[in-house]
Every structure is written in structure tokens, then in C-alpha cells.
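What follows is a short report on a single structure.
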Protein chains: 2
Amino acid sequence: MLVYGTCRVNEVPVHPCQSCALRKTPLFMPFSADDLRFMMHFRDGEVELDSGSMLFHEGDALTSFYTVLSGQGARYKTLQNGDRQLVNFVFPGDLVGLAGTVTGETTASMLAVSNMRLCRFRKNRLPELFGRQPERAYALTWIAAVEEHFLGETIATLGQRNATQRLAWALLKVYQRLEIVGMADQDGSVPFPYRQGDLADALGLSLVHTNKTLAHLRPWARLANGRLSVTNRDALAKLAISNGDSPIQRPLL
Amino acid sequence: MLVYGTCRVNEVPVHPCQSCALRKTPLFMPFSADDLRFMMHFRDGEVELDSGSMLFHEGDALTSFYTVLSGQGARYKTLQNGDRQLVNFVFPGDLVGLAGTVTGETTASMLAVSNMRLCRFRKNRLPELFGRQPERAYALTWIAAVEEHFLGETIATLGQRNATQRLAWALLKVYQRLEIVGMADQDGSVPFPYRQGDLADALGLSLVHTNKTLAHLRPWARLANGRLSVTNRDALAKLAISNGDSPIQRPLL
DNA sequence: CGACCTGTTGATGTCCCTCAAAGGGGGTGG
DNA sequence: CCACCCCCTTTGAGGGACATCAACAGGTCG
């Protein structure tokens, strides 16, 4: 279990949606001009989050949810004995806090692992979204469905894959997810601010064994200087017993 | 990995929503008369599924989704090496196939483990739901959020709990979920048609070790004759490192 | 320079998997 | 009505993957 520093959340001036680079990325489905106009009006400010600070805690009743504009984070649950399970890594384009907003109780805590910028939406305007923009509301349940898909995959890897397979799977997924939103460098590396302990908590492994297994994977993928380099994607996919497909396209909110 | 028999899905006459006992159960939020009227009109038939048959397979493009009226099932994923991971048990009141309907590709296979009756909804009428009944559409994303909550809990148990804790957690959850929809008997038992191999595949354990661990849990919970009996709920919750809370209330579709 | 965090490596133990075999119970066929 | 079979459960033995404990190296920051 790892402990991080305290919080800092800042209101910041908004960037116009038109200039949002995420939108044009192949991960996301095209925006109509109408969509864009409505979202500009529907969104409610932008927020910056320092690395190490929390956006919300497990059990909070949220009044806002967010899509990640930049930076990386993690959602995690804490068991009563203090053990931590990282539920998923959070990347640009992800929507966080929707479940906690809708049901009134957050299912996991959300931590910034790098500095982050978030686009905020207010719960009290959800009726407007559902009442006046059924297509955007449909996009919202689409996003929830995609989320379910990922969690299901995670369950399969925690249940059925051994340490090597888990790590290969995770590194490959992370790389592909960041690559498709344009964060991969020429040299085949992506930003990876997480610690080995974070990976361990995400995959249900001990820190020590995570470290030793990472060493075995180094011919195909390595962690260094806060970046993840993947040098042999196919080998990694084979190790992971995964088809190596890119992430499926989905709506952006 | 277990293999089940072949399929059989039958169209059957519908039962009126008014007489649906599930609705009145404390798991679900109250229905307004309006809701009821619309859902009567929106639903599209009823379906019966024999034990051992599949409702859909991983990768299918679904044209319908369903809420379970009676019976029990399982959603599972199959890795490329043939290993099976049971993603969740499926109980009366659960909505299945929504994600596969929305995204166009099913995330897991759905198997009937007892005879089941399902209430069907058609994808091509979703626009009508979102366009004309925003509150029901909101209920849909609420349901998706609840689903996410459960999958997150499962991830935490696969990642952090040992065999005893996993089994205690699973048995308790199953018991509580079935009890709250009125399926518990006087003697503190609920129907449990699953095999020990199903439990093993759900919890990421081997069949043998599942069996041996179940033996240790017998003072507090036991499996016999297709039923699960829980004799000491608090002890089970303590073993499971869980608060033992009942399932949260949610909408029914 | 010392405190602290993260990564790395070695030694030891244990939880759980795999292999193996035997004991019910229900169904089918002779 | 019994014999046989199949599926599921149960139990034992042995081994391996991974956890835990421990110590050290390098980098960063006060």
C-alpha cells in the first residue's frame, strides 16, 4: 500500500472545445457541430489537479463528474484492512465520477498521479442533458458500457493470468491507450508516472514480485524515467494471451 | 474450465408488468404509474431459457437486451488459451446485454445456469426511450453505474483477498442479493445452481482449492442440494473483510 | 550531509495449483 | 431392478509461483 500527499484542486480558465486536441483523436467518435455547441454550453469550468492530490474519495457524494483533458491518475478502492486495489489507470479522454454522481456514492477514490486538467460537468444539469440532448445522453451510457468492458477485462486478468501475463497485458494496454490519444513519442515511449507499487496494487501482486517480473519483460517493455517504452508489441501481446487490438472507439463527453 | 450443453431459447407469452413481483422488492426504486405504462409499451416480449443454454456469446452484436425475471445465470469471458473467467453471477432483476447492445459488441458470454425467464427490450427502440422518456434513460445509466460498482468490488477481491476471504465474500454477496429479492427460504438458504467449478472460475481459484476452502467455511455457510445456506452472516462478513451491507437500491428496467 | 523514496536483489516460507484417485448421486439402458 | 456411466464432490501428495522479510544502491530534496 502506498500513501500519497495531500490535496490541491484549482479552478482555472476554460479552453474552448474547438481547440480540444483530444476530440480529433481516433479513440473518439466524431462530434457534430450541434454536439460541440451543446457541450460548450453544458460544461462547467475547468479544474487543475496537482500530482498526488485527490479529486474525490471513496464514499463521497459527488456533485460533479469530469472528463480528463490531460495528465494521468488512478482510481482505487481501500479494503477495511488497509489493502489498496487500484481499479484502473485514468487517462486523457476518460470520464470519471459519473457513477458516483448518479448513484450518490462514489465507488472508488480518484488520485492524480501527474498534474491533471479536467473538464467539469454538474450533476444538477444532467436533467437538461437527458431532457434536451438524447443523443448526448446516449453517448453517456455508451461510455458507461465501455467502462464495463474494461473492468471485465481486468477481472479476467486478475482471475486467470499469472504475474508475467498480467504485467504484459497491463503494459500493452497502457501503451496502446496513450498512443491512440497521441501521447507516444517517436522512440516508442509514453509517459508513465506510476510507481511499481502502483502497478502491483493494480494487478494484485506484491511490489517485489512485480519488480522481478518487470525485469524479465525488459527485452520487450521497460519502465524508466517516468516513461514506458514498448519495443516489441507482438511479443508482449503473445505473452499477455491477448489479441493486441487497439482500444475500441467511443464517444467523448 | 467447464463446458455446458447446447442452446434453447423460447418465445413465451408475456406476463403483465403490474403483476411483476420483482418491482415491489426492496432492491428496486419505486415505479411511477407513468413508468409502468411506458415500460409495458416499450418492452418486447418474454423469453425462456433452458438451464445450460446461452443467451449470447462474447463478440456477438446484440439487437436486444434483457432484464432477468427469474432464474440464475452467469456472464463469462474466455481467454485465448481457453481459460474461463466468470465475470459475474446473474440474478433476477439484473439487466444483461446492455453494453453489447450499445457498443455493438458483447463483452462476455451469458449462460443460463438454471431455467430463466427474461424480459426483452429491442435496440432499435432505444432512441424512443432516450427521446421521450428521459427519466427512464437516466435509470439506464444508473443501472450501468451500479454494474460498474460491482465489477470494481470484484476487482478488489480478486486482487487483494485470499481464497477464504474471496469465498466468504462471494457467498455473502450472493446470499444477500437473492434474499433481497425474496428468494431466501425460512431456513436461511437460497437457490444456488452453480457448481464449485463455477465459483472457482468466478474467483480465480482452482476447483480443488475452492472445494477445500469451502469445507473450512462450512460452520458459517454451506453448499448442498443446489442451495446455499448461510448460518452466520456476521462471521462471514468478518472473514470477507467486508462491511456486510445489503445491496444498494437501484432502478429496475 | 542525512532523510527519504523508489528500485533492485537475495533468502525463506506458504498459499494455492496440479496431478491423482476414490466416493456419491442421478440417469439410462439392458 | 440392477449395472454402468457420467458428473460432481472430496481428499491426499508434491511442487511451484508468489508473498514476506531484509538489506542495499541510487536519486532527490531539504
Side-chain angles (χ1 to χ4, degrees), chain A residues 1-6 51-52 74 79 81-85 113-114 157-168 170-171 192-218 221-229 239 241, chain B residues 1-6 51-52 74 79 81-86 111 113-114 157-168 170-171 192-218 221-229 239 241:
Chain A
M1 185 181 60
L2 301 176
V3 180
Y4 285 85
T6 46
S51 175
L79 298 201
N81 61 8
D83 282 357
R84 186 181 79 144
Q85 173 68 37
V113 177
S114 72
T157 102
L158 293 187
Q160 304 300 328
R161 287 187 241 253
N162 65 25
T164 307
Q165 297 164 342
R166 290 186 207 190
L167 277 161
L171 297 182
F192 192 85
Y194 308 93
R195 311 274 149 231
Q196 293 189 5
D198 296 324
L199 259 179
D201 285 348
L203 297 174
L205 300 170
S206 73
L207 169 56
V208 172
H209 197 244
T210 299
N211 178 285
K212 289 173 180 170
T213 307
L214 277 173
H216 294 141
L217 291 179
R218 274 207 261 275
R222 65 190 316 137
L223 263 32
N225 308 318
R227 298 189 70 86
L228 158 66
S229 311
L239 272 177
I241 326 177
Chain B
M1 186 182 59
L2 302 176
V3 179
Y4 284 85
T6 46
S51 175
L79 298 201
N81 62 7
D83 281 358
R84 185 180 79 144
Q85 173 67 37
L86 222 144
L111 167 72
V113 178
S114 73
T157 101
L158 293 187
Q160 304 300 328
R161 286 186 240 253
N162 66 24
T164 307
Q165 296 164 342
R166 291 186 206 190
L167 276 160
L171 297 183
F192 193 84
Y194 308 94
R195 312 272 150 232
Q196 294 189 5
D198 297 323
L199 259 178
D201 285 349
L203 298 174
L205 300 170
S206 73
L207 169 56
V208 171
H209 197 243
T210 299
N211 178 283
K212 289 173 180 170
T213 308
L214 278 174
H216 293 141
L217 291 179
R218 275 208 259 276
R222 66 191 313 139
L223 261 34
N225 308 317
R227 299 189 69 88
L228 158 65
S229 311
L239 271 177
I241 325 176

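Here is how names work: the chains are called A, B, and so on, in the same order as the sequence lines, proteins then strands, and each is numbered from 1.
- Arg161(A) places a side-chain heavy atom less than 4.5 Å from the side chain of Leu79(B).
- Computed from coordinates, the Arg222(A) CZ to dG7(C) C1' distance equals 13 Å when rounded to whole Å.
- In this structure, CG of Asn211(A) is placed 14 Å from C1' of dC18(D), rounded to the nearest angstrom.
- Straight-line distance from the CZ atom of Arg195(A) to the C1' atom of dT8(C): 15 Å, rounded to whole Å.
- Between Leu199(B) atom CG and dT9(D) atom P the separation is 9 Å, expressed in whole Å.
- For the pair Thr213(A) and Asn162(A), the minimum side-chain heavy-atom distance is 4.5 Å or more.
- The separation between Arg166(A) atom CZ and dA17(D) atom C1' is 11 Å, rounded to whole Å.
- Applying the side chain to side chain contact (heavy atoms under 4.5 Å, CB included) test between Gln165(B) and each of Leu203(B), Thr157(B), Ile241(B) identifies Ile241(B) as the sole match.
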Within the sub-3.5 Å range, which N or O atoms of nucleotides 17-26 of chain C have a protein N or O partner, and how far apart are they?
| residue | atom | partner | partner atom | Å |
| --- | --- | --- | --- | --- |
| dC17(C) | OP1 | Gly204(B) | O | 3.4 |
| dC17(C) | OP1 | Ser206(B) | N | 3.0 |
| dC17(C) | OP2 | Ser206(B) | N | 3.1 |
| dC17(C) | OP2 | Ser206(B) | OG | 2.8 |

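- When the C1' atom of dT20(D) is taken as reference, atom CG of Asn162(B) falls 15 Å away, rounded to whole Å.
- Using a 4.0 Å cut-off between charged side-chain N and carboxylate O, Asp201(A) and Arg195(A) make no salt bridge.
- Within the 4.0 angstrom heavy-atom criterion, no nucleotide atom of any strand lies near Arg161(B).
- Closest non-hydrogen pair, Leu239(A) versus Ala168(A), comes out as CB-CB, 3.8 Å.
- You'll find the side chain of Arg166(B) reaches within 4.5 Å of the side chain of Leu205(B), heavy atoms only.
- Taking atom CG of residue Leu203(A) and atom C1' of nucleotide dC18(D), one finds them 14 Å apart after rounding to whole Å.
- Applying the 4.0 Å criterion to OP1 and OP2 of dC7(D), one finds that Gln196(B) has every side-chain N and O outside that range.
- Rounded to an integer number of Å, the gap from Gln160(B) CD to dA19(D) C1' is 12 Å.
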